[in-house]
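Here's the structure we're looking at; comments come further down.
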Amino acid sequence: MKKNYQRRCNIIICLAVMSILGLLGKFTTVKAADLAEEMTTAVAVLEAMDINDLEIAGPERVFAFEKVVSFTLKAKKGTKTEKLLKRQSAENQTDYGREYSYQWSSSNKKVAKFKETVEIIPGNSCVMVPYAALDRPNVFKVKAGVAVIQCKIKDSSGRQVTLTKKIKVLKGTPLQKVQIGEKRLTKAQRHEKQTVLYSNSHKKNTKIKINVKKGWKVKRVSVDTNANGIYQNITKKKKFSTKTDRDITVNIQLQHKKTGSIFLYNVDIDRYKEHKIAFGDDFYDGCGLVCRKTAWNVPMIPKYTVVLKYKKNAKATDPYSFKSTKSLLYKLKKYWGYSDQTVQIKNGQMIYKEAFGFETWTYCTSKASIKTTVKKLERL
């Protein structure tokens, strides 16, 4: 009786095991089929992206003072590859194009010299987000002249194509005049891509005047008056309100009439507080300036203490010491981000602006005072 019962139990167990194995086998078969289908789809995607459908995306005209310019890749309009990339971008697929190799170069290294390919999207987050292969910025250092940018692309089957784009690096700037309210940009400021004006003006209608060189036109002017990244189009009226205590950003977009090349120019209007420090007739051993700074002016970023000490034999290359008012002024501009707009030293008095990126300095008249001030600031 016991043997028959045991035999029946064994049979039931065997049948159960066989059923489970059968289900696993079926599951494995389904998974294998799904995997095969995914691989087939991946191969189809790979074949659908034709390297002959690609071209170099980037400016045709840049200015030498920009120092660097970047290029990416894109699909030509109306091609199958363009449709493929749009679909993959909509599906947040960032791995397309990684199977290929990309080699960037220039026909004239004196004009455009390849520097690097940026693979990770810059950001303050700890998460490293990669660029899609075709969206990676490929950076070139530039000087005045003409060069042809080249990108040699190879696929896994050995096929290759060399893409080219002619670039002209110009001297000067397309901006002849920029005036915002009563503030007019200097020649040096116009030879930049971004500059800062310091103003506490509060007016309902602040006018913008822009004059450009022949062959260029003002395509768009927009302004962010709330420091929130939302821009208002003021291209036609070129007027905006400065009745706010927040910093303001003016974005000017210029276009070359013949080639369509775009030149972007930003003006930050920063609010400020003015401070004065009286040094007296001369500096002496033990005196110095102390402040707290941060790499980024955002919450949770730790600050660090900066101490500028007076030294009779301070070297010109030492950012932390000075030997005269002239030396101090030089160090503040060269090493600590100040300019003619933000700091002046006249008749034994330092006048400086406290604004974004610029903190309050404390003048200490002894070594003991420096130590006490440092401890006090680091407790805050």
Side-chain angles (χ1 to χ4, degrees), residues 180-192 194-202 242 245-248 267-299 301-380:
I180 301 176
E182 298 176 354
K183 299 282 186 176
R184 183 168 178 171
L185 299 188
T186 64
K187 181 179 178 181
Q189 287 177 312
R190 286 186 285 108
H191 282 74
E192 299 174 358
Q194 182 169 348
T195 193
V196 181
L197 291 178
Y198 295 91
S199 172
N200 288 327
S201 172
H202 286 71
T242 57
D245 292 327
R246 297 195 176 195
D247 294 343
I248 299 169
V267 181
D268 292 324
I269 303 173
D270 285 4
R271 306 308 194 179
Y272 67 92
K273 293 179 182 178
E274 189 170 88
H275 299 278
K276 297 179 180 180
I277 297 176
F279 296 132
D281 296 332
D282 200 3
F283 296 113
Y284 48 87
D285 289 339
C287 69
L289 290 163
V290 182
C291 83
R292 292 282 281 170
K293 291 185 70 66
T294 179
W296 301 286
N297 197 14
V298 294
I301 298 297
K303 292 188 175 184
Y304 60 96
T305 305
V306 175
V307 180
L308 306 185
K309 295 181 179 180
Y310 168 75
K311 289 183 180 180
K312 188 176 181 180
N313 298 317
K315 295 181 179 179
T317 54
D318 181 9
Y320 298 98
S321 66
F322 60 93
K323 59 183 179 181
S324 62
T325 53
K326 183 178 179 181
S327 170
L328 175 60
L329 187 61
Y330 170 79
K331 300 290 179 72
L332 288 171
K333 291 179 181 179
K334 182 174 178 62
Y335 298 110
W336 302 107
Y338 287 85
S339 66
D340 291 337
Q341 288 190 87
T342 53
V343 65
Q344 295 179 1
I345 300 179
K346 292 182 178 180
N347 302 321
Q349 187 179 58
M350 173 174 156
I351 303 171
Y352 71 97
K353 290 180 173 65
E354 177 192 351
F356 177 82
F358 300 97
E359 289 76 10
T360 306
W361 290 94
T362 300
Y363 180 54
C364 303
T365 56
S366 66
K367 292 180 180 179
S369 177
I370 289 177
K371 288 182 179 180
T372 302
T373 303
V374 169
K375 287 181 179 179
K376 181 180 178 180
L377 290 175
E378 290 182 346
R379 281 197 300 266
L380 297 177

Checklist line | Audit row: Y363, M350, side chain to side chain contact (heavy atoms under 4.5 Å, CB included) steps and yes/no | finding: CA-CA 10 Å; Y363 180 54; M350 173 174 156; over 6 Å; no
To the nearest 0.5 Å, how far apart are [atom1] in [X] and [atom2] in [Y]?
X: I345; Y: T325; atom1: CD1; atom2: OG1; result: 6.0 Å
X: T242; Y: I269; atom1: OG1; atom2: CD1; result: 7.5 Å
X: E354; Y: Y198; atom1: CD; atom2: OH; result: 12.0 Å
X: K334; Y: S327; atom1: NZ; atom2: OG; result: 12.5 Å
X: D268; Y: Q194; atom1: CG; atom2: CD; result: 4.5 Å
X: W361; Y: R292; atom1: CH2; atom2: CZ; result: 12.5 Å

Notebook entry, point to check: Do T186 and D340 pass the side chain to side chain contact (heavy atoms under 4.5 Å, CB included) test, and can you show the C-alpha distance, the side-chain angles, and the key distance before you say yes or no?
Noted result: CA-CA 11 Å; T186 64; D340 291 337; over 6 Å; no
Checklist line | Listed once per pair and sorted, the salt bridge (charged side-chain N to carboxylate O under 4.0 Å, His left out) pairs that draw on residues 320-330, sequence neighbours left out | finding: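 Non-adjacent pairs meeting salt bridge (charged side-chain N to carboxylate O under 4.0 Å, His left out): zero.
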Minimum heavy-atom separation for [X] and [Y], please, with both atom names.
X: L328; Y: F279; result: CD2-CZ, 3.8 Å
X: G286; Y: I370; result: O-CD1, 3.4 Å
X: D247; Y: D270; result: OD1-CA, 3.5 Å
X: F322; Y: L308; result: CE2-O, 3.4 Å
X: Q341; Y: Q189; result: NE2-NE2, 3.0 Å
X: D245; Y: R271; result: O-CG, 3.2 Å

Next item on the list: Kindly write out the residues that satisfy salt bridge (charged side-chain N to carboxylate O under 4.0 Å, His left out) with D285, not counting sequence neighbours, or none if the list is empty.
Entry: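 Partners of D285 under the salt bridge (charged side-chain N to carboxylate O under 4.0 Å, His left out) test: none.
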Notebook entry, point to check: Is any side-chain heavy atom of L289 closer than 4.5 Å to a side-chain heavy atom of W336?
Noted result: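 A side-chain contact under 4.5 Å is absent here.
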Side chain to side chain contact (heavy atoms under 4.5 Å, CB included) against [X], all qualifying residues, sequence neighbours excluded:
X: K183; result: L197, S199
X: K346; result: Q344
X: T372; result: none

Using a 3.5 Å cut-off and no angle test, enumerate the donor-acceptor pairs between side-chain atoms of residues 309-319 and protein atoms at least two apart in sequence or in another chain.
{"residue": "D318", "atom": "OD1", "partner": "Y320", "partner atom": "N", "Å": "3.0"}
{"residue": "D318", "atom": "OD2", "partner": "S321", "partner atom": "OG", "Å": "2.7"}

Note to self: Tell me whether T342 contacts the main-chain N or O of Y338 through its side chain, where contact means a donor paired with an acceptor under 3.5 Å.
What the structure shows: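 Absent.
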Check: Would you find a donor on one side and an acceptor on the other, under 3.5 Å apart, between the side chain of E182 and the backbone of S201?
Finding: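 Not confirmed, E182 side chain does not pair with S201 backbone.
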Next item on the list: Establish, for the pair K353 and Y272, whether the NZ or CZ atom is under 6.0 angstrom from the six-membered ring centre and no further than 45 degrees off its axis.
Entry: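 Cation-pi check for K353 and Y272: passes.
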Item checked: NZ/K333: more than 12 non-hydrogen atoms of other groups inside 6.0 Å ->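 Correct, the count exceeds 12.
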